[in-house]
Amino acid sequence: MTIKAPEQATQSIPRQEDLFINGENRPSASKETFDDFNPTTGELFAKVAKAGVEDAEAAIEAAQAATSKWQAIPAAGREKVLWQAAALLEQQMNEFVETLIDESGSTVAKAKGEVIKSVDFLRAAAGEPRRIEGDTTPSGKCSFSIRQPVGVVVAITPWNVPLGLSLKKVVLALATGNTVVLKPASATPVVGLMLGRLFHDAGLPEGVLNVIAGPGKSMGDLFASHPAVKTITFTGETVTGKYLAGIAASHLKRFALELGGKNPAIILKDADLDYAVQAVTFAAFHHQGQNCMSVDRVIVEEPLYDELLERLVKKASALKVGDPRLPETQLGPMINEGQLQSVHKLVTEAVDAGARLLCGGEPNPPFYPPTVVADVEPSMSLFQEETFGPVAPVIRAKDAEDALALANNSRYGLAAAIFTRDVEKGLAMARKIEAGMVHINDATIYTEPTTPFGGVKDSGFGREGLAGWSWHEMTEPKWITIQLGEKKYPF
Ligand code: NDP
C-alpha cells in the first residue's frame, strides 16, 4: 500500500458528499452543506450534505420499510453480505486509510491498524447470524424462546476512531437482523458515509443501512423518541450519552452507551518496569491520547516512582510529532483547536495546583506534544476529568492497597491495566477494580471482536461484542409454547 506524500496529497477541490438514504446518495432536504476540515492542514477536506430532522425521519422510515426485507434473508445470506463487505474493505484499504489520515488526523499506522481491525471484525461477525441462540425450558409442554431482531437501530458515533466504531455498531445490528441509521460525528462524516456505499456494494438491500451526517444535537431528540426506533447505540461523551438515555428510557427504548474513561495503569513494585513503560507510552500517546481506552492515570507504587518518571519522560520526549502522512510520525494533530485547548487547560491547572510538568505541555497548534505530569493528586481536575489528549498524569501510591483506592477514585470505569510479576496478586486486584475491562500486564488499549467491550459507572451502560454480548440491545427474546395433548382448564 502506498500512502501519498504530504505534497502529493494536497487537494485542490474538496470532496462533495451526500447523505446515503434508501440505497442512494442524496442532498439534504434543506440543500444545506457543512464544512469538514483536515485537522493537520486546516484546509477544507469535504463539503458534506447537512442532515436535519426531515432527513433523519426519511432515514428512519427507509430503515423501517427495509426491516422485513432484511429479516427475510436467511442467516447464510446475511453471512455472505458481511463476508463480501470484509473483502471490499480490504480491497479499498488505501482509500479508507487516506481518508482517515486526512479527515481525522490519524497517523499512517493508526489508520492502517483501524482498517485491518475493521476487516477482522467483519469476518468474525459473518458467523454471528448463525449463532443467535434461544433456550428451551424444562416443562410439561414444548416451551422455548427465540431471539428476534428489534427492528430499527440508531447508531451515533464519535470522531476519534471513525471507521472502527461506526463499523462495529453497524455490524452488530446488521448481523442480528436489524436495519440501521448511522449518524457519524460531524468532524468525521466522510468515513461514515463511505460505509453506506461499501455495504451497498457488498449486496445489502436498499434501506437496510442509511447514513446521515449533520449536527447530532438537532437530531438526537427525534432519534431517541421516534416510535420506529427500538435501540439507540451511542459512543461519545458521558454528558451526551446520559441526555440521550434519559429520553430513550422515557420512551422505553433500549440503549447501549460507550462513554468516557479515565483509565488507570497501576504499576506495582514487582513489575517489569521497562515493559510497563513501553505499554504505558503506547496507551497514553496513541492517536494523541484521543482514545476512550487511553491510559489517563499512571499510578505507581512508591519504590518505582522516580525510576518510572525518568524512563517515561525519556520515551515520551523521543516520540515524533507532526504530519501524519509521514510514516515515521507517531503523533499527529489534535482533532481541532477546542480539543487542544481543553487538554492544555487540564495540564496548566494541574501545574498551577502543584503538579510537576516533566516534558511537553507547550501547544504547537494543531499539535500537542507528549506530556508527562508528575505528582498529580485526586483533588486536581487532571486526575478526575478525561484528558483525551497526549498526557500521562503520574500519581504516587504508598502501596498496592493505596494504588487500588486511587484507581477507584473516579466517576469513570472503562479500562484498567495492572503491571506485576505476581499474576495472583494482579488477578485479585483485577476483581476489585471498578472497570469494565482489566488487562494484566498489557496496555489499556486492547480489543477483540467477541469480548464484552464496555464500562461501568460514568463510562457506560451495556456491552458491545459479537458472540452474544450485544444481543440484549439488538434482539428481543420471545417465549413460545406448544401445548402437547389437551390441557384441563378450571372452568
Ligand atoms: P460527543 O458526545 O460530542 O459526540 C458523539 C456523537 O454524538 C457525535 O456523532 C455527535 O454529533 C453526537 N451528538 C452530540 N450531541 C448529540 C445529541 N444531543 N443527540 C444525538 N447525538 C448527539 O463525543 P465526541 O465526538 O466528542 O467523542 C469523544 C468522546 O467519546 C470522549 O468522551 C470519549 O471518551 C468517548 N468515546 C468513548 C468510547 C467508548 O467505547 N467508551 C470510544 C471512543 C470515544 P456531532 O459530531 O454532530 O456533534
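Ligands are counted one by one from 1 in listed order, and the atoms in each one are counted from 1 as well.
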Peer 1: For atom 48 (O) of ligand 1, which protein heavy atom lies nearest, and how many Å away is it?
Peer 2: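 The closest one turns out to be Gly216 N, 4.1 Å.
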Peer 1: With a cut-off of 4.0 Å, which atoms of ligand 1 are near a heavy atom of Leu165?
Peer 2: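 So the answer, numbered in order with elements, is 42 (C), 43 (C).
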Peer 1: Do the side chains of Lys47 and Asp36 get close enough for a salt bridge, i.e. N-O under 4.0 angstrom?
Peer 2: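 Salt bridge between Lys47 and Asp36, a charged N being under 4.0 Å from a carboxylate O: no.
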Peer 1: Within the supplied structure, the quantity of interest is the number of heavy atoms (other residues, nucleotides, ligands) at a distance under 6.0 Å from His200 NE2; does it exceed 12?
Peer 2: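 Check passes, neighbour count above 12.
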Peer 1: Consider every N or O of Thr235 and every N or O of ligand 1, then say whether any pair is closer than 3.5 Å.
Peer 2: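 No, since none of the N or O atoms of Thr235 sits under 3.5 Å from an N or O of ligand 1.
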Peer 1: Would one find an N or O of Ser186, backbone or side chain, under 3.5 Å from an N or O of ligand 1?
Peer 2: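 Yes, since at least one N or O of Ser186 sits under 3.5 Å from an N or O of ligand 1.
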Peer 1: Side chain, backbone, both or neither: which applies to Leu414 and ligand 1 if a contact is any heavy-atom pair less than 4.0 Å apart?
Peer 2: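 The part of Leu414 near ligand 1 is the side chain, not the backbone.
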Peer 1: With heavy-atom distances below 4.0 Å as the criterion, list the atoms of ligand 1 near Phe453.
Peer 2: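 This gives 40 (O) as the contact atoms.
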Peer 1: Taking the side chain from Thr329 and the backbone from Asp323, do they hold a donor-acceptor pair closer than 3.5 Å?
Peer 2: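 Here the side-chain-to-backbone pair exists.
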Peer 1: Atoms of ligand 1 less than 4.0 Å from Cys292 heavy atoms?
Peer 2: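 Atoms satisfying the 4.0 Å criterion: 34 (O), 36 (N), 37 (C), 38 (C), 39 (C), 40 (O), 41 (N), 42 (C), 43 (C), 44 (C).
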Peer 1: Strictly under 6.0 Å, is that where the ring centroids of Trp159 and Phe37 end up?
Peer 2: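 So the answer is no for these two rings.
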Peer 1: Is Trp159 close to ligand 1, meaning an N/O of one under 3.5 Å from an N/O of the other?
Peer 2: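 N/O-N/O distance under 3.5 Å: yes.
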Peer 1: Counting both backbone and side chain atoms, is some N or O of Ser459 under 3.5 Å from an N or O of ligand 1?
Peer 2: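 No, since none of the N or O atoms of Ser459 sits under 3.5 Å from an N or O of ligand 1.
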Peer 1: Could you check which of Gly236, Ser294, Pro158 puts a non-hydrogen atom nearest to atom 29 (C) of ligand 1?
Peer 2: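 Nearest heavy atom to atom 29 (C) of ligand 1 lies in Gly236.
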Peer 1: Among Lys262, Lys345, Arg297, Arg411, which residue meets the salt bridge (Lys or Arg N to Asp or Glu O under 4.0 Å) test with Glu385?
Peer 2: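 Among Lys262, Lys345, Arg297, Arg411, the one that satisfies the salt bridge (Lys or Arg N to Asp or Glu O under 4.0 Å) with Glu385 is Arg411.
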Peer 1: Tell me if a side-chain donor or acceptor on Asn178 pairs with a main-chain N or O of Ala173 at a distance below 3.5 Å.
Peer 2: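 It does hold such a pair.
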Peer 1: Counting from 1, what ligand 1 atoms have a heavy atom of Gly214 closer than 4.0 Å?
Peer 2: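 Answer, ordered by atom number: 47 (O).
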Peer 1: Does ligand 1 have an atom under 4.0 Å from some heavy atom of Pro184?
Peer 2: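 For ligand 1, residue contact (heavy atoms, under 4.0 Å) with Pro184 is present.
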Peer 1: Does some non-hydrogen atom of the protein lie less than 4.0 angstrom from atom 27 (O) of ligand 1?
Peer 2: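 Yes, at least one protein heavy atom sits under 4.0 Å from atom 27 (O) of ligand 1.
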Peer 1: Which of the atoms of ligand 1 are close to Gly220, meaning less than 4.0 Å from one of its heavy atoms?
Peer 2: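 Taking each heavy atom of Gly220 in turn, ligand 1 has 19 (N), 20 (C) under 4.0 Å.
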Peer 1: With heavy atoms of Asn160 as the reference, note each atom of ligand 1 found under 4.0 Å away.
Peer 2: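 In order of number, 43 (C), 44 (C).
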Peer 1: Look at Lys169 together with Glu258 and state whether they make a salt bridge at an N to O cut-off of under 4.0 Å.
Peer 2: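 Salt bridge absent between Lys169 and Glu258.
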Peer 1: Quick one: look up the protein heavy atom nearest atom 18 (N) of ligand 1 and list residue, atom name and how far away it is.
Peer 2: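 Going by distance alone, atom 18 (N) of ligand 1 is nearest to Lys217 CA, 3.7 Å.
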Peer 1: Return the closest protein heavy atom for atom 12 (C) of ligand 1 as residue, atom name and distance.
Peer 2: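 The protein heavy atom lying closest is Ile156 CG2, 3.6 Å.
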Peer 1: Got the closest protein heavy atom to atom 1 (P) of ligand 1, with its distance?
Peer 2: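 Going by distance alone, atom 1 (P) of ligand 1 is nearest to Glu237 N, 3.7 Å.
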Peer 1: Would Leu259 count as a contact residue for ligand 1, given that I'm defining contact as a non-hydrogen atom of the residue lying under 4.0 Å from a ligand atom?
Peer 2: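 Per 4.0 Å heavy-atom rule, Leu259 contacts ligand 1.
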Peer 1: Pull out every atom of ligand 1 sitting under 4.0 Å from any heavy atom of Thr240, numbered as shown with elements.
Peer 2: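 Contacts of ligand 1 toward Thr240, numbered from 1: 1 (P), 2 (O), 13 (N), 14 (C), 15 (N), 16 (C), 17 (C), 22 (C).
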Peer 1: Would you call Glu476-Arg254 a salt bridge at under 4.0 Å N-O?
Peer 2: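 Yes, charged N to carboxylate O under 4.0 Å.
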Peer 1: Given Tyr368, which partner from the list His344, Glu362, Gln288 fulfils the side-chain hydrogen bond (donor to acceptor under 3.5 Å, both in side chains) test?
Peer 2: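 Filter result, single survivor: His344.
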Peer 1: Which atoms form the tightest heavy-atom contact between His287 and Asn160, and what is the distance?
Peer 2: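 Answer, listing the atom of His287 first, then Asn160: NE2-O, 3.2 Å.
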Peer 1: Hey, is the main chain of Lys320 close enough, under 3.5 Å, to the side chain of Gln330 for a donor-acceptor pair?
Peer 2: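 Here the side-chain-to-backbone pair exists.
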Peer 1: Look at atom 11 (O) of ligand 1 and say which protein heavy atom is nearest, naming residue and atom and giving the distance to 0.1 Å.
Peer 2: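 Checked against all protein heavy atoms, atom 11 (O) of ligand 1 sits closest to Lys183 NZ, 2.9 Å.
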Peer 1: Determine, for Glu114 against Lys117, whether the closest basic-nitrogen to carboxylate-oxygen distance falls under 4.0 angstrom.
Peer 2: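 Answer for the salt bridge query: no.
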Peer 1: Looking at Glu98 and Arg325, is there a salt bridge between them, counting it only when a charged N and a carboxylate O are closer than 4.0 Å?
Peer 2: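 Counted as a salt bridge, because a side-chain N and a carboxylate O are separated by less than 4.0 Å.
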Peer 1: Write down the atom of Lys457, the atom of Tyr412, and the distance for their closest heavy-atom approach.
Peer 2: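 In terms of heavy atoms, the two residues are closest at CE-O, 3.3 Å.
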Peer 1: Could you walk me through whether Phe234 and Leu259 pass the side chain to side chain contact (heavy atoms under 4.5 Å, CB included) check?
Peer 2: CA-CA 8 Å; Phe234 171 84; Leu259 310 174; 3.6 Å; yes
Peer 1: What do you reckon, does Phe234 put a non-hydrogen atom under 4.0 Å from ligand 1?
Peer 2: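 Within the 4.0 Å threshold, so yes.
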Peer 1: Can you tell me which portion of Glu386 lies within the under-4.0 Å heavy-atom range of ligand 1? Options are side chain, backbone, both, or neither.
Peer 2: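 Side chain only; the backbone of Glu386 stays clear of ligand 1.
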Peer 1: Applying a 4.0 Å heavy-atom criterion (strictly less than), which segment of Val239 is in contact with ligand 1: side chain, backbone, both, or neither?
Peer 2: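 Answer for Val239: neither.
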Peer 1: Among protein heavy atoms, which sits nearest to atom 8 (C) of ligand 1, and what does the distance come to when rounded to 0.1 Å?
Peer 2: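 Its nearest protein heavy-atom neighbour is Thr157 O, 3.3 Å.
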Peer 1: Heavy-atom contacts under 4.0 Å between Pro215 and ligand 1: side chain, backbone, both, or neither?
Peer 2: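 Only the backbone of Pro215 comes within reach of ligand 1.
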